[in-house]
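Hydrogens, waters and symmetry mates are skipped; everything else that's a heavy atom, side chains included, is used. A note on names: the letters A, B, ... follow the listed sequences, proteins ahead of strands, and every chain is numbered from 1.
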Amino acid sequence: MLPFEISPLLPLLESCKTIKQAFQVHAQIILNGFQHHVFPISRLISFFALLGSEEGLNYSQIIFCQIEQPNQFIYNTMIRGFSHSKFPEKALVFYSSMLHQVNQSPNNFTFPFLLNSCARLSTLKPGIQVHSHIIKFGFDLDLYVGNALMHFYSVFKHLNDARIVFEGSLVRDLVSYNTMINGYGLVGRPGPALRLFRKMQESGIVPDEFTFVALLSAFSSLDDSRIGKQIHGFVYRNPSCVDSNGLLKAAILDMYAKSGLMDLADRVFSSMASNKSTAAWSSMISGYARRGETAAARRMFDQMDRRDLICWTAMISGYSQSGQYSEALELFAQMEYLGIRPDECTMAAVLSACAGLGALSLGERLHGRYIGGQLCSQNIILSTALIDMYSKGGKIDSSLHMFHRIPKGLRTVSLFNSMISGLAQHGLGKSALAVFREMESVGLGPDSVSFVAVLSACSHSGLIEEGKELFRSMLDVYGIRPHKEHYGCMVDLLGRDGCLDEAYDLIRSMPFEANSVIWRALLGACKLRGNVKIGEVAAQKLIELEPDHGAHYVLLSNMLANTNKWEQAVRVRKLMEDKGIQKPPGWSYTEFQGTIHWFLASDKSHLQDKRIESMLQDMAMQLKSAGYVPNTAQVVFDIDEEEKETVVSYHSEKLALAFGLVNSSTGETIRIMKNLRVCGDCHSAFKLLSKIYCREIIVRDASRFHHFKNGCCSCKDFW
DNA sequence: GGTCAGCAGA
């Protein structure tokens, strides 16, 4: 029996709404000398521990320390409180102190809380130990404990272990099924999820909205929308399916948006009337963006009243994935201006836009500002985006440094692919092969993307035999059927080795029609080797496949011009002009003090800056005195030599270099991005200029990187 | 005193 004096305090404690009121009740308890009465103290601890705030937890811990012999309930309360907190590992500390106390042992209430804490840790181990305690203390057949165990194993994607618990359980309820269905969805196994749903119906357990939400999410990663539609129909026909907070409707909408069925998605969206959640808006935005309809996505985005971070991220990544990098960065700038702090997902999308543009200094700034060292090695998608950004921004050393800092157990196939393809673009074929082998040695099987990366590494570095062997092994060893991209790499590889006939034969032996990428690879090799016969075939195919693409006409006419077939060259040029096709303008840009400076070929508007003009003259003079003769072979027009020299000296990359030279000093690195492949003349000139002006020049062109240093280029004139 | 609770962005 409680002493009668305490009874007025208990209802007071029950009715506490704020932490302040609870402090007052605690003060009253102490003033009245009840601080050692188990019951009121238990209630107080429970109140503070379950408030959900750090302050509450700290306070409950202070009270806890003052109790000589905490009972089971108090221990469970502390474990429960910390299981939801920022420090789930503290729950384990309380559990362990509970075990050390004489006459104290856990009960069936202890383990669900404890497992919940374990599910939120970064390692699996403590949870497994807890599982053995559960068996030792004989709670393995408790329904709640079993469900919590399934949840714990699901979180770590150990569905087989979750399944063992499920199969071993004597009683199963809605929660058991929902947990398992969710778990299978989490690991992308919709098949078992659906089978469990059927089993659940056979057992007479009525599904709730969470069951359907879990099922829909399990199926949303699939391209097939049939099951999704069936679920929609099932829900529609069964009025018993309550959807009290609209979760289910939002899940159905998301399913349609993910399947690209925007008409159906829009119908559900409209039916939400004024209850549209930001989640629903996000689903719509990313649905449109995924189909490349960024304008439609943007219209939705602009219509929103209140945008949360996820909407911003959805729109930014929509732009990024559609290759609209500038738009992505512009929107991000707006977001920053509004003071919205990005998270890892936003950063991954923004960094991929930086990678696309080669906006290294912006990428570096974002890395420094928003991403700490620890965070980037933990979030593997972000690390992959950073590695890609540094590679494509020209800093392959930084990519490698990041890659090596990522713990081996966290590395994924995508991460390896990103690293291999970075090394490939920089012509570091041997290193790319080594990383590829490393991926295999840690037990990660290469996928189709890995092979594109490693084969292109071989072709960019002239590793002919290695490339051929890898291509053969794709199907024989790894069971991966080569796609067009892989054939494209092989055509490139053979072409660069001068085996043009072999490359042409490979194209003819392919089990599908060659696409423009493959023909372009062949044409590029023909141009390099001066093989007009096969080159013409390739160019004709390209013109057939992409008649509006000016670059093909230019390549063909350049090749004809290179072999002095001027008349034919002019004819091709004329054909292009008659069709009204414009040559794609060559442009280059370079970043300076965080701003991007664009340069168009022969466009002299930016030459208002006299310093660039005079630098160009200085460059020409220096080159001449170094004995350099401009290579004007790629200028097709039948104009005199002096004029041709003027044309090549105004190529966009030369203008960008002049700008870079004006704005840098000896020993610095100049980075230039170009939309087309760097021309032969610029390539030779840049080699000499890197020596003359003592600068490292890094050029990213349409196919790879060129590091010009001390008179040489990393591509060894092979590109 | 309790277990699940991915409808949204990489």
Side-chain angles (χ1 to χ4, degrees), chain A residues 42-43 45-46 49-50 72-77 79-81 83 107-116 119 139 142-152 154-155 162 165 169 173-183 185-186 188 208-218 220-221 243 245-258 265 268 272 276-287 289-290 297 301 307-318 320-321 342-352 379-386 388 414:
Chain A
S42 303
R43 303 295 311 173
I45 287 184
S46 173
L50 303 180
Q72 214 175 26
F73 179 87
I74 294 176
Y75 270 112
N76 287 350
T77 306
I79 294 170
R80 183 183 175 196
S83 73
N107 65 3
N108 53 328
F109 285 92
T110 314
F111 291 110
F113 302 137
L114 195 57
L115 283 167
N116 221 358
F139 292 109
D142 181 274
L143 174 66
Y144 284 86
V145 174
N147 288 347
L149 270 171
M150 291 172 213
H151 173 237
F152 162 74
S154 294
V155 165
V165 177
S169 59
D173 67 352
L174 177 65
V175 175
S176 327
Y177 280 96
N178 282 359
T179 307
M180 289 304 295
I181 292 173
N182 237 328
L186 207 65
D208 68 355
E209 63 207 275
F210 287 103
T211 320
F212 292 109
V213 169
L215 267 180
L216 283 165
S217 88
S220 65
S221 52
D243 186 17
N245 36 19
L247 278 184
L248 189 47
K249 207 169 213 179
I252 289 167
L253 161 68
D254 186 61
M255 178 271 299
Y256 284 131
K258 280 210 175 93
V268 180
M272 290 174 162
K276 295 178 173 74
S277 60
T278 53
W281 284 94
S282 297
S283 295
M284 293 298 286
I285 292 170
S286 49
R290 202 173 288 121
F301 181 81
R307 304 184 189 104
D308 63 1
L309 180 61
I310 294 179
C311 299
W312 283 93
T313 307
M315 195 59 238
I316 292 170
S317 79
S320 219
Q321 280 165 17
D343 71 357
E344 298 108 283
C345 298
T346 324
M347 286 326 299
V350 175
L351 287 171
S352 117
N379 185 323
I380 202 71
I381 296 173
L382 193 55
S383 305
T384 308
L386 274 169
D388 200 43
S414 295

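The side-chain ring of A:Y144 is stacked on the base of B:dG2, judged by centre separation under 5.5 angstrom and plane angle under 30 degrees. Stacking of A:F109 onto the six-membered ring of B:dG1 is present: less than 5.5 angstrom between centres, less than 30° between planes.
Distances from the side chain of A:T179 to the nucleotides B:dG2, B:dA5, B:dC4 place B:dC4 closest. The side chain of A:V145 lies closest to B:dG2 when the candidates are B:dA5, B:dA8, B:dG2. When distances run from any side-chain atom of A:H151 to the nucleotides B:dA5, B:dG2, B:dA8, the shortest one goes to B:dA5. Comparing B:dC4, B:dT3, B:dG1 by their nearest atom to the side chain of A:N178 picks out B:dC4.
Using a 4.0 Å cut-off, no side-chain N or O of A:T278 falls inside it from OP1 or OP2 of B:dA8. Residue A:Q321 places at least one side-chain N or O closer than 4.0 Å to OP1 or OP2 of B:dA10.
When rounded to the nearest whole Å, the span between CG of A:N379 and C1' of B:dG9 equals 12 Å. Distance, A:L247 CG to B:dA5 C1': 8 Å, rounded to whole Å. Between A:W281 atom CH2 and B:dG9 atom C1' the separation is 17 Å, expressed in whole Å. Between the P atom of B:dG9 and the NZ atom of A:K258 lies a distance of 5 Å, rounded to the nearest Å. As rounded to whole Å, 15 Å separates atom C1' of B:dT3 from atom CG of A:L50. Separating the CZ atom of A:R80 from the P atom of B:dT3 is a distance of 6 Å, rounded to the nearest angstrom. Rounded to a whole Å, the CG atom of A:N116 is 8 Å from the C1' atom of B:dT3. Atom CG in A:L215 sits about 14 Å away from atom C1' in B:dA5, given to the nearest Å.
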Report the C-alpha separation of A:T211 and A:Y177 in whole Å, then their side-chain angles, then the decisive distance to 0.1 Å, and conclude whether the side chain to side chain contact (heavy atoms under 4.5 Å, CB included) test is met. CA-CA 8 Å; A:T211 320; A:Y177 280 96; over 6 Å; no
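Note on A:L186: a base of the nucleic acid sits closer than 4.0 angstrom, heavy atoms only. Across all strands, A:A250 comes closer than 4.0 Å to base atoms (heavy-atom distances). When heavy atoms are screened at a 4.0 angstrom cut-off, A:L309 is found touching base atoms of the nucleic acid. Nucleic acid contact class of A:F113 (heavy atoms, under 4.0 Å, all strands): sugar-phosphate only. Across all strands, A:R307 comes closer than 4.0 Å to no nucleic acid atom at all (heavy-atom distances). Here A:N76 lies in heavy-atom contact (under 4.0 Å) with a base. Residue A:A257 is out of contact with every strand shown, counting any heavy-atom pair closer than 4.0 Å. Among the atoms of the strands shown, only primed sugar atoms or phosphate atoms (P, OP1, OP2) are found under 4.0 Å from some heavy atom of A:D254.
Of the C1' atoms belonging to B:dG6 and B:dG2, the separation is 23 Å, rounded to the nearest Å.
Looking at A:Y144 and A:N108, their side chains never come closer than 4.5 Å, going by heavy atoms from C-beta outward. Between A:R307 and A:M315, every side-chain heavy-atom pair lies at or beyond the 4.5 Å cut-off. A heavy-atom distance below 4.5 Å is not found between the side chains of A:V155 and A:L186.
Under the side-chain contact (heavy atoms from CB on, under 4.5 Å) test applied with A:P112, the options A:I79, A:V145, A:L143 reduce to a single match, A:V145.
Residue side chain A:D343 reaches the base of B:dG9 through a donor-acceptor N/O pair under 3.5 Å, judged by distance alone.
Applying the side chain to side chain donor-acceptor pair (under 3.5 Å) rule to A:K249 yields the partners A:S271; only residues at least two apart in sequence or on another chain are considered.
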